[in-house]
Protein chains: 2
Amino acid sequence: MILYDMEKAPNPRRVRWFLAEKGITIETRQIDLPGGENLTPEYLAINPRGLIPTLVLDDGTVIDESVSICRYFEEMQPEPNLMGRDAKEKAVIDCWQRRVELDGLYSVAQAFRNSTPVFANRAVPGVTEPTEQLQPLAERGVLLTRRFFDLLDARLGETEYVAGDRFTIADITAFVTLNFARWIKLSPGEQHTNIPRWFEAVSARPASKA
Amino acid sequence: MILYDMEKAPNPRRVRWFLAEKGITIETRQIDLPGGENLTPEYLAINPRGLIPTLVLDDGTVIDESVSICRYFEEMQPEPNLMGRDAKEKAVIDCWQRRVELDGLYSVAQAFRNSTPVFANRAVPGVTEPTEQLQPLAERGVLLTRRFFDLLDARLGETEYVAGDRFTIADITAFVTLNFARWIKLSPGEQHTNIPRWFEAVSARPASKA
């Protein structure tokens, strides 16, 4: 089993953090994403979508969506639990994870991919043909990221963690999103009075350093 | 338990179809999305995100991501199975479902929301403030939808169904995506020789009419 990884990127970090919370160690290989190693024939032979992270099981099965990789490990080792123990928990945690991902992470990614020079002509992840960076997409991404900070702060005024009263995969996604947002100089503001409490608690988890 | 629904929209259909495959019947209420009923105070009190579908459990828990709603019912009633039976299956099916959703459904949605007159100034789902439709986003959505047809057809040349050798939630997402794409006059082309076989097989399922 091998995990194709990249130390700085947000999606691989979500998986490494998840594995660290579970106390699971697996073989990893670093792929140079900014340098375009993910779009070389060698890597595309492993994963035709050119995305990172990618998990390759011992039988050759390829899984390349961060959340799906996490689900594999959650099913293999349900504790410490990160994705829910019963039907309602699993649905609620999945729902919050998706909300954070769709409202937050993808908004940051849209702003980042459409403005950062290193991804000029590579605005769409995993597409080998040139895709132009578009200013209106970057602006919309910024708008939606700011909206996400409001949504997150409102939620953390109701609950201790994103999905409820305990730490779950939804907190990993949210924390990684906030770090990623700093790459485009966006952060919660003074009006976001709940996020700092949560951010500090999550930062204190050893696995957050994975 | 109540499902807030809208007959024509793609995301509610994914849930209705899933429930029909499971043989599960629950109370539903129709919400007029084009007419903006989802953004009224009454509906926002039920779901502050203003999105459809929304499942409200008997204890008042609100779940509003289609896939999360499906997960709830999968966990409550694992058979007929739609999201996997073991760790590998669950991860692989989840991965293909996400790929179809992210590469396909969201691309169509981006093109649709940024070009269809009924959503003028409502380009971003669930946002009450006006959001302008942006031509570059619509164009990118069309580009990525066409790319998705290529990806889907290639996959269906390798496997009987999207996630492997049996029908799963990933096929529901893909089929609904193709129907949704017709709303913006996009369809697979003659070069896509595998999609028709699959489309016919999936169309024949009674639950596809849900």
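Predicted, not measured: the structure shown is a model, and the values here were computed from it. Each chain gets a letter, A, B and so on, in the order the sequences are listed, and its residues count up from 1.
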Visitor: How close do Leu137(B) and Leu137(A) get, heavy atom to heavy atom, and via which atoms?
Guide: CD1-CD1, 3.7 Å
Visitor: Could you tell me the separation between the NZ atom of Lys88(B) and the CG atom of Asp58(A), rounded to the nearest 0.5 Å?
Guide: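 Output value for this atom pair is 10.5 Å.
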Visitor: Measuring from atom CG of Leu51(B) to atom CG of Leu102(A), what distance do you get when rounded to the nearest 0.5 angstrom?
Guide: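 These two atoms lie 10.0 Å from each other.
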Visitor: If you count every heavy atom of other residues, nucleotides or ligands that lies below 6.0 Å from Glu7(B) atom CD, does the total exceed 12?
Guide: no
Visitor: Looking at Leu143(B), Leu151(B), Asp59(B), which makes the most heavy-atom pairs under 4.5 Å with chain A?
Guide: Asp59(B)
Visitor: Relative to chain B, which of Gln135(A), Arg99(A), Met76(A) shows the most heavy atom pairs under 4.5 Å?
Guide: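 Of the candidates given, the most pairs with chain B belong to Arg99(A).
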Visitor: Answer with side chain, backbone, both or neither: which region of Gln77(A) has an atom nearer than 4.5 Å to a non-hydrogen atom of chain B?
Guide: neither
Visitor: So which heavy atom on Tyr72(A) is nearest to which on Ala91(B), and how close?
Guide: CB-CB, 3.7 Å
Visitor: Is it true that atom CZ of Arg146(A) has more than 12 heavy atoms of other residues, nucleotides or ligands lying nearer than 6.0 Å?
Guide: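 Open.
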Visitor: What do the steps show when you test Met83(B) against Arg71(A) for side-chain contact (heavy atoms from CB on, under 4.5 Å), and what is the final call?
Guide: CA-CA 12 Å; Met83(B) 298 177 85; Arg71(A) 183 161 297 286; over 6 Å; no
Visitor: To the nearest 0.5 Å, how far apart are CD1 in Ile69(B) and SG in Cys95(A)?
Guide: 7.5 Å
Visitor: Sort out for me which of Glu75(A), Arg140(A), Lys90(A) touches chain B most, counting heavy-atom pairs under 4.5 Å.
Guide: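 The answer is Arg140(A).
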Visitor: Based on non-hydrogen pairs under 4.5 Å, which of Gly84(B), Cys70(B), Ala154(B), Pro136(B) is most in contact with chain A?
Guide: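 Highest number of pairs under 4.5 Å: Pro136(B).
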Visitor: Please determine, among Leu57(A), Leu55(A), Asp64(A), the option with the most heavy-atom pairs under 4.5 Å with chain B.
Guide: Asp64(A)
Visitor: Please determine whether the number of non-hydrogen atoms from other residues, nucleotides or ligands lying under 6.0 Å from atom CG of Asp165(A) exceeds 12.
Guide: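 No, not enclosed.
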Visitor: Do Glu65(A) and Glu101(B) make a side-chain contact, defined as non-hydrogen atoms from C-beta onward lying under 4.5 Å apart?
Guide: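 No - every pair of side-chain heavy atoms lies 4.5 Å or more apart.
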Visitor: What part of Glu132(A) gets within 4.5 angstrom of chain B, counting heavy atoms only: side chain, backbone, both, or neither?
Guide: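 When you check distances to chain B, atoms from both the backbone and side chain of Glu132(A) fall under 4.5 Å.
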Visitor: With a 4.5 angstrom heavy-atom cut-off, is it the side chain or the backbone of Tyr106(A) that approaches chain B, or both, or neither?
Guide: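 It is the side chain, since no backbone atom gets that close.
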Visitor: Given heavy-atom pairs under 4.5 angstrom as the criterion, report whether the side chain, backbone, both or neither of Asp103(A) touches chain B.
Guide: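 Side chain only.
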Visitor: Can you measure from CD (Glu139(B)) to CG (Leu134(A)) and round to the nearest 0.5 angstrom?
Guide: 8.5 Å
